[in-house]
Number of protein chains: 2
Amino acid sequence: MTTKVTQGTLLDATDKQILRALDDDPRATIAFLAQSLGLARGTVHARLRKLYGPDGLAAETIKVPPGAVGRPLRAIITAQVEQAQFEELVKDVSEIEEVVECLGVSGNHDLHIEVVAADAEDIYRVTQRLMMCRGVTRTSTMIVLREVIPRRMSQLLR
Amino acid sequence: MTTKVTQGTLLDATDKQILRALDDDPRATIAFLAQSLGLARGTVHARLRKLYGPDGLAAETIKVPPGAVGRPLRAIITAQVEQAQFEELVKDVSEIEEVVECLGVSGNHDLHIEVVAADAEDIYRVTQRLMMCRGVTRTSTMIVLREVIPRRMSQLLR
DNA sequence: CACTTTAGTAGTCATAGTGCTCACTCTAAT
DNA sequence: ATTAGAGTGAGCACTATGACTACTAAAGTG
């Protein structure tokens with residue numbers, strides 16, 4: 001088995017089974033997992049300790065619909081930046097709490113920023129704030145009209 | 001308090017506190033949460049039952065680094081589609097397991113698809129498969145070079 | 001205003017789960 | 001053949017859970 005759960009190592013079939021079951025029911029007990037997966041309780045216990053441990057693959061996160069925190073709108077903002085002051089830029093962008101993710105991508109645009117907001121005006125304000133971040137030269141905003149496939153990971157655990 | 005946790009309702013301060021603590025430590029016990037947040041055990045128990053309950057705001061999901069399941073590369077693919085056969089298209093795209101999310105967006109591109117893959121060749125294969133989905137007329141691929149700000153939600157729980 | 005509803009607190013209880021050991025087995029690698 | 005790593009099943013003391021109680025406080029209704 002390929003079980004060493006450290007950076008760069010893969011999850012084996014048992015890890016995936018456990019994580020999949022946990023995705024179904026995040027607060028399932030160890031005993032329940034063991035029983036429903038046909039494993040010994042100690043085994044699940046040990047796996048979980050590794051998965052959640054210091055250099056494990058921290059395995060869960062909150063999945064709050066942005067609407068539940070007053071920000072039902074989503075937008076994708078792409079931004080072109082001057083490479084010079086990159087670290088300062090990252091700091092500036094990080095401070096915008098509406099920013100949910102920021103990726104550096106290949107292609108015409110340098111940054112790919114995902115944002116949640118209360119309404120259209122709010123998105124406008126966020127865009128303005130982004131324009132004021134050090135190094136940002138241009139932005140382009142796309143509003144998310146529909147979640148065609150909501151974010152999913154469990155299909156990767158097979 | 002604004003506590004009815006149903007669709008369209010907001011999380012109140014207590015819900016947010018609990019979820020934030022849970023984001024830190026997904027497997028924290030109810031007793032621990034109660035103690036560290038200065039609430040009665042029964043209160044946390046009741047809140048959690050609602051949050052995770054049938055019409056609660058299902059609150060956690062697995063957060064597996066795609067590298068841990070053999071797909072260290074990420075890409076954003078934008079696709080233009082013919083509106084006609086939309087439902088069929090969604091079905092086709094859903095069947096591609098490398099697709100992690102698919103959003104309908106405003107602007108020039110109709111779909112905004114996030115993909116994980118084993119390597120560049122794998123991304124190429126996924127792109128080819130997307131092109132073969134009913135209704136897709138054009139795609140454009142951006143490789144994710146760096147996670148400038150990793151996906152984060154907890155800043156919204158304040 | 002009195003009344004009802006809803007949420008929280010602090011306490012109890014029986015049941016169940018946890019984290020930990022141990023001795024044993026199985027498998028793959030040396 | 002021997003060793004190292006993982007899984008098993010069992011047992012242990014300890015803790016957490018879920019469900020209950022009686023009581024309090026705040027908010028909404030007639």
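Quick note on labels: first sequence line is chain A, next is B, and so on, each numbered from 1.
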More than 12 heavy atoms of other residues, nucleotides or ligands under 6.0 Å from CZ of B/R138: is that the case?
no

Separation of C/dA7 atom C1' from B/L51 atom CG, nearest Å, is 14 Å

Interatomic distance, A/L39 CG vs D/dA6 C1' [rounded to whole Å]
12 Å

Measure CZ/B/R27 against P/D/dT17 and give the value in whole Å, please.
11 Å

What residues 28-38 of chain B contributes to the DNA chain D interface at heavy-atom separation below 4.0 Å is B/T29, B/I30, B/A31

What ring pair (Phe, Tyr, Trp, His ring centres under 6.0 Å) pairs are there with at least one residue in residues 47-71 of chain A, not counting sequence neighbours?
none

What is the distance, to the nearest angstrom, from the CZ atom on A/R47 to the C1' atom on D/dG5?
11 Å

Passes salt bridge (Lys or Arg N to Asp or Glu O under 4.0 Å), B/E87 versus B/K91? Steps please.
CA-CA 6 Å; B/E87 295 313 315; B/K91 190 169 170 301; over 6 Å; no

For A/K50 and C/dG19, what is the distance between atoms NZ and C1' respectively, to the nearest whole Å?
16 Å

In whole angstroms, the gap separating P of D/dG9 from NE2 of A/H45 amounts to 17 Å

Worked verdict on A/E97 versus A/R125 for salt bridge (Lys or Arg N to Asp or Glu O under 4.0 Å)
CA-CA 12 Å; A/E97 67 174 8; A/R125 284 196 305 99; over 6 Å; no

Degree of bending in the helix from C/dC1-D/dG30 to C/dT30-D/dA1 once both end axes are built from five pairs, to 10°:
40°

Once you apply a heavy-atom cut-off of 4.0 Å, does A/R41 come out as touching a base, just sugar-phosphate, or nothing?
base

Length of the line joining B/L48:CG and D/dA19:C1', which is rounded to integer Å:
16 Å

Could you tell me whether a side-chain N or O of B/D15 sits under 3.5 Å from a main-chain N or O of B/L11, the two making a donor and an acceptor?
no

Please state how far atom CZ in A/R49 lies from atom C1' in C/dT21, giving the value in whole angstrom units.
12 Å

